[in-house]
Amino acid sequence: MTSEGAHTFTKYGWLVCLWVLTVSFQYGYHTSALNQLQAVLTCKIADSTAPMYYGLPTCIPMSDATFSVVTSMYTMGGFFGSLSANIVMDRYGRKGASRLSAVLTAVGSAVFGLSSSVGPLILGRFLVGLAAGLGICLCPIYLSEIAPVKIKGNLGVLTPLALVIGIMVTQGMGFGLATPRQWRFVLLISSGISIFQYFSSPFVVESPSYLNRKGLVDQEKLAIHRLWGEIHDVSRTDPEEQDSEEPLLPDSDSATERLSAVHQPAMTIPQLFASTELRRPLLTIIAAMTSQQISGINAVLYYSNDILSKSLPELASYVSLAITIVNFFMTFPPIFLIERVGRKQLIQLSVAAALLSHLAVGYGLNSGLVTLSSIAITTFVMSFAFGLGPIPFVIIPEVAPPHAVSAISSVGLSLNWSSNFVIGLIFLPLRNFLANGDPMKEGRIFYVFAVALLCSTLWFLKLYRG
């Protein structure tokens, strides 16, 4: 019986899926963990009646520049985590890499949550970033390798969905826990979640694809039986379905060659760069990840508070949460559309809507039409959520053979982290330069994003066959 006979998970399989998604949830959780804690953490809002609470200071004095350094450690850790992810995943397995991510998150969050000075804050933030970089590479691959073929694409969308849920949870928690005495609980709760994930790992199976590549056939069959309820041969799939999921593999890759690829030793990043056969899959993921970040999503989310608070001054503190909720709900449509509409078509629709939104934001800001800018930012977030957000993660395990997927994921996600860092670094200076001190010209930066997104998307569509 082939793997296409499995249509969904067993109940146990869904629990494993949720366990894997914890790493993506933590990625989103720590992406926004400090957003609403900044004022209480840096002593801008302080409790003068009780400077200490359970032996720890209720805040840690620091300038905005120092806080920026603390925050940026997450991106730096994420870059190095993604860069080393292929080594960790191929040496310790997908499950082992998940355990390591859980340990790093638990330790990093605890160090940050129990800090009394800036040094431990920096260390804790870096460790959490390291875990996030490893986790965001690991999650889509692990999910793809444990998923039945019929729902593999749908399941891939759960990675960004878990990420958005993590962002939404911390922003919601901030309303109740962003106080001098309680802000540390936001970090300690994350540590507790990862400790639970680590100690529940003995009940979780390893990826069948990884076990197959290591020659552990009996363990592979047991894992498949627990995940899918029947014994399936993951090395044999319907040729037409396989072609649709691996559109970038050479035309000569017959079933025999696919089977041999499963048993090839894992490829390192230097070997990946030297391989002409894998040049197209690598460039495809690079183009996809570049398009995702060059869309300006993180810069837009950062700037949205400033824009929307002008039209909703009394609700400014709820703006960020509202946008995240929109992002959350718009992540659901791809779960149902990705197999019906197709990856390439969703990307095209997403980019088209994002480009129109950028133009509307720019025109609205330059014309003083705050309402138009507010609506356009919301539509941009919506357009990103149903295409540009999830699709790059979904196609990583689809465009590359099993022995190269870890290396390609590491390169792609490392580029994603570094692009995120660079765009975040240059956004405000570039906006100010283009505006030349005129508030009515601040929209010009969004025209730049629109042109950059169009160019990177055309490059991606030329590479990706869909």
Spacing of [X] atom [atom1] and [Y] atom [atom2] [to the nearest 0.5 Å]:
X: I297; Y: N327; atom1: CD1; atom2: CG; value: 6.5 Å
X: T170; Y: L34; atom1: OG1; atom2: CG; value: 9.5 Å
X: Q26; Y: S101; atom1: CD; atom2: OG; value: 8.0 Å
X: I335; Y: L158; atom1: CD1; atom2: CG; value: 5.0 Å
X: I294; Y: N416; atom1: CD1; atom2: CG; value: 12.0 Å
X: N86; Y: S414; atom1: CG; atom2: OG; value: 8.5 Å

Less than 4.5 Å apart, any side-chain heavy atom of [X] and any of [Y]?
X: I423; Y: F449; result: yes
X: S383; Y: L388; result: no
X: I285; Y: V411; result: no
X: P401; Y: L278; result: yes
X: R343; Y: I338; result: yes

If I compare all heavy atoms of [X] with all of [Y], which pair ends up nearest, and what's the gap?
X: L21; Y: C139; value: CD2-SG, 3.9 Å
X: R94; Y: D90; value: NH1-OD1, 3.3 Å
X: P208; Y: A223; value: CG-CB, 4.3 Å
X: V157; Y: T331; value: CG1-O, 3.6 Å
X: S190; Y: Y29; value: CB-CE2, 3.6 Å
X: A102; Y: Q197; value: CB-OE1, 3.4 Å

Exercise for the section: Say whether, by atom type as modelled, one donor and one acceptor occur between the side chain of T10 and the main chain of G229 under 3.5 angstrom. Expected result: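 Not at all, since once roles are kept as given, no pair shorter than 3.5 Å links the two residues.
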Relative to each other, are the rings of [X] and [Y] parallel, tilted or perpendicular (30° and 60° limits)?
X: Y464; Y: F460; answer: parallel
X: Y74; Y: W417; answer: perpendicular
X: Y142; Y: W19; answer: perpendicular

Exercise for the section: Apply side-chain contact (heavy atoms from CB on, under 4.5 Å) to the pair L356 and F380, showing each step before the final yes or no. Expected result: CA-CA 8 Å; L356 291 174; F380 172 75; over 6 Å; no
Exercise for the section: Dump the intermediate steps for side-chain contact (heavy atoms from CB on, under 4.5 Å) on M289 and I396, then the final yes or no. Expected result: CA-CA 10 Å; M289 290 299 171; I396 290 175; 3.6 Å; yes
Is atom [atom1] of [X] surrounded by more than 12 heavy atoms (other residues, nucleotides or ligands) closer than 6.0 Å?
X: Y92; atom1: OH; value: no
X: Y447; atom1: OH; value: yes
X: F328; atom1: CZ; value: yes
X: M168; atom1: CE; value: yes
X: F80; atom1: CZ; value: no

Exercise for the section: Examine the side chains of T159 and S24 and answer whether a donor and an acceptor come within less than 3.5 Å of each other. Expected result: no
Handout entry: Pair S419-Q293, side-chain hydrogen bond (donor to acceptor under 3.5 Å, both in side chains): steps then yes or no
Key = CA-CA 6 Å; S419 300; Q293 287 300 325; over 6 Å; no
Exercise for the section: Return the set of residues passing side chain to side chain donor-acceptor pair (under 3.5 Å) with N366 (not counting sequence neighbours), or none when no residue passes. Expected result: none
Side-chain donor/acceptor pairs under 3.5 Å, residues 125-136, sequence neighbours excluded:
unit_1 : atom_1 : unit_2 : atom_2 : d
R125   : NH1    : H30    : O      : 3.0
R125   : NH2    : H30    : O      : 3.3

